[in-house]
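Report on the structure given below.
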Amino acid sequence: MTIRLYDTSARQIRDFAPLTPGCVSIYLCGATVQAAPHIGHIRSGLNFDIMRRWFAYRGYDVTFVRNVTDIDDKIIKKAAEQNRPWWSIGYENERAFNDAYDALGCLPPTYEPRATGHITEMVEMMRGLIERGHAYEAEGNVYFDVRSLPGYLSVSNQDLDDLRQPSGEGETGKRDPRDFAMWKAAKPGEPSWETPWGRGRPGWHLECSAMAHKYLGSEFDIHGGGIDLIFPHHENEIAQAVGFGDAFARYWVHNAWVTMSGEKMSKSLGNSVLVGEMVKRWRPVVLRYYLGTPHYRSTIEYSEESLREAESAYARIEGFVQRVTELAGQTVEPAAEVPPAFAEAMDDDLGVPQALAVVHTTVRQGNSALAADDKDAAVARLAEVRAMLGVLGLDPLAPHWAGEQEQGEDLRDVVDSLVRLVLDQREAARARKDWPTADAIRDHLGQSGLVIEDGPQGPRWSLGPR
């Protein structure tokens, strides 16, 4: 068994070889909490949640770090616009992100450090970089000298002579316009911390380098994030860490965007879809299915139609799970191992689409067993399905999603009683061979959004796609 991952820095799929046998360390760039999350933000958390679950299934002890950037130019700007303390903006949106991660079934990280809690580590890193000749102070700012580090831009594969480094307001005193800020001198009314070079606040890139070092040491296995972070953020993280003397990340894994009309989902473009609003319209498990089942390196083009397709696909899986559970008369535990084809797909760069195809094939086999009244085969298929869905975080019988079902159980009982009355009328029509009436009843139920399935145990109903 070998897990293989696409390494952005190598531009190829590589066999995963852990730094420490039996263990895997992952650092994921988490939320910059200037606003509530849209589904594009949460996709990254979902993709790496699935990665983490697969490593755990394969027997690894996983340390998963996902940071919170709670001090940033955008947060300070929002605070000024809303006449609120900067920390209240950050805390409010940090809670919104955690609510979104939890709603979509993401496991909590091993550690979730905030940038403002690690100023001491950032100062230590800057001091080391200055001593090694990789950084310098100018007018209260501290900059990284990009020409001092051979190999800079190796991940994004850019030419330094063509580089246009993004710069913020007040970044004065640079020796080279391509140098980037690690520390920004204090401005009136802005938050600041004391350092040997004067009061100021951290730059975005420095935060992650310092926190990764703090929690995972000088070298760790996997650094993750969205493809939009490759430059400048990840390149500058690498520069700081390597300049400080760290080996840093052994593998770089990046997920693709969620787009609308071909553009990256972004608040600045006005095309974002907030998770807090989406979960009012769609079941959270359907959102997880929609965002988590495409390959992590594939772009998702958002559409209501695609969400409806995801809802319908998950309903087929869920319906099978419910039918076999009822037939068994008790909870069927997940199988000890997933089917080999599922494992092969997941080992190959987290091939979730191919793995999901195995899930649906197994569901079809289970439905065939139900139709043939083969209880043992149906139960065996359910055990396999539950094992696979557990890896994907989609098992409808898992406590997280079972609670979601229980919330609507009372209403379902009422609807079930009403539908049963109508189905009894349909069965009576079929018994007297009044096929037009039986078909008309079925059609009317279908128009109401219900799907009727006839089986050996009689007719069943379920909610159809929207």
Side-chain angles (χ1 to χ4, degrees), residues 37-54 57 96-108 258 273-296 300 302-326 331-332 334 338 342 346 350 352-353 355-360 362-363 366 382 384-412 415 449 451 461-466:
H38 56 63
I39 59 174
H41 292 132
I42 296 302
R43 182 190 183 185
S44 182
L46 274 174
N47 289 153
F48 285 90
D49 181 66
I50 292 171
M51 173 191 282
R52 174 205 190 154
R53 288 170 183 264
W54 184 243
Y57 172 82
F97 268 88
N98 283 332
D99 287 346
Y101 289 130
D102 184 61
L104 271 61
C106 292
L107 300 172
V258 178
V273 184
L274 297 181
V275 176
E277 295 302 315
M278 292 291 286
V279 295
K280 297 175 184 177
R281 299 168 47 214
W282 302 89
R283 292 174 60 198
V285 69
V286 170
L287 283 179
R288 182 179 178 101
Y289 186 100
Y290 171 68
L291 293 171
T293 54
H295 194 273
Y296 75 91
I300 299 174
Y302 172 80
S303 73
E304 294 277 323
E305 180 182 359
S306 296
L307 265 165
R308 284 191 291 272
E309 291 172 356
E311 182 180 51
S312 180
Y314 188 72
R316 290 194 293 272
I317 296 172
E318 193 173 37
F320 166 71
V321 172
Q322 292 170 345
R323 286 191 292 277
V324 181
T325 300
E326 290 174 7
T331 300
V332 176
V338 298
F342 182 94
M346 292 298 292
L350 303 176
V352 174
L356 192 66
V358 180
V359 174
H360 283 288
T362 309
V363 167
L382 174 56
E384 293 172 346
V385 166
R386 286 203 65 195
M388 293 185 282
L389 293 178
V391 167
L392 301 176
L394 290 168
D395 181 3
L397 299 183
H400 186 86
W401 303 122
E404 178 190 63
Q405 290 179 328
E406 289 167 5
Q407 292 175 4
E409 201 61 40
D410 292 342
L411 180 59
R412 184 181 178 89
V415 174
V451 175
W461 69 272
S462 61
L463 291 175
R466 304 182 185 202

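Note that the structure is predicted; figures quoted are calculated from it, not measured. For this chain, numbers begin at 1 and follow the sequence in order.
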Open item on the list: Can you confirm whether Val279 sits close enough to Leu104 that some side-chain heavy atom of one is under 4.5 Å from a side-chain heavy atom of the other?
Closed with: yes
- [ ] Enter the distance from Arg288:CZ to Ile42:CD1 here, rounded to the nearest 0.5 Å.
- [x] 11.5 Å
TODO: Quick one: list whatever passes side-chain contact (heavy atoms from CB on, under 4.5 Å) with Asn47, sequence neighbours left out.
DONE: Arg43, Asn255, Tyr296
- [ ] For the pair Tyr57 (side chain) and Val338 (backbone), establish whether a donor and an acceptor sit closer than 3.5 Å, ignoring hydrogens and angles.
- [x] yes
Open item on the list: Nearest 0.5 Å, please: how far is CZ in Arg281 from CG in Leu307?
Closed with: 8.0 Å
Open item on the list: How long is the straight-line distance from CD1 of Ile50 back to CZ of Arg53, given to the nearest 0.5 Å?
Closed with: 8.0 Å
Task: Residue pair Tyr101 / Pro37, side-chain heavy-atom distance below 4.5 Å - done: no
Task: Inter-residue atom distance Met278.CE - Arg283.CZ, 0.5 Å rounding - done: 14.5 Å
Open item on the list: Between Tyr290 and Leu46, is there a side-chain heavy-atom distance shorter than 4.5 Å?
Closed with: no
Task: Heavy-atom pair with the smallest gap, counting every atom of Asp49 and Gly105 - done: OD2-O, 3.8 Å
Task: Heavy-atom closest pair, residues Val391 and Trp54 - done: CG1-CE3, 3.5 Å
Open item on the list: Under the rule for side-chain contact (heavy atoms from CB on, under 4.5 Å), what residues qualify as partners of Thr293, not counting sequence neighbours?
Closed with: Tyr289, Val352, Leu356, Leu394
Open item on the list: Main chain of Pro284, side chain of Trp401: is a donor-acceptor contact present, judged purely on distance under 3.5 Å?
Closed with: no
- [ ] Work out which heavy atom in Phe342 is nearest to a heavy atom in Val359; give both atom names and the distance.
- [x] CE1-CG2, 4.0 Å
TODO: For Arg386, check side-chain hydrogen bond (donor to acceptor under 3.5 Å, both in side chains) against everything at least two apart and list the hits.
DONE: Asp395
- [ ] Rounded to the nearest 0.5 Å, what's the gap from CD on Glu311 to CD on Glu304? Could you check?
- [x] 10.5 Å
- [ ] For Phe97, enumerate each residue passing the ring pair (Phe, Tyr, Trp, His ring centres under 6.0 Å) test, keeping only those at least two apart in sequence or located in another chain.
- [x] His41
- [ ] Examine distances only and state if a side-chain atom of His400 and a backbone atom of Cys106 form a donor-acceptor pair shorter than 3.5 Å.
- [x] no
Open item on the list: Could you measure the distance from the OH atom of Tyr314 to the CG atom of Leu389? Nearest 0.5 Å is fine.
Closed with: 6.5 Å
Task: Partner residues of Glu305 under the salt bridge (Lys or Arg N to Asp or Glu O under 4.0 Å) criterion, sequence neighbours left out - done: none
Task: For Thr362, all residues meeting side-chain contact (heavy atoms from CB on, under 4.5 Å), sequence neighbours excluded - done: Val358, Gln365, Arg381, Glu384, Val385, Met388
- [ ] Please assess Trp282 against Arg308 for the test side chain to side chain contact (heavy atoms under 4.5 Å, CB included), listing each intermediate value before the final yes or no.
- [x] CA-CA 9 Å; Trp282 302 89; Arg308 284 191 291 272; 3.6 Å; yes
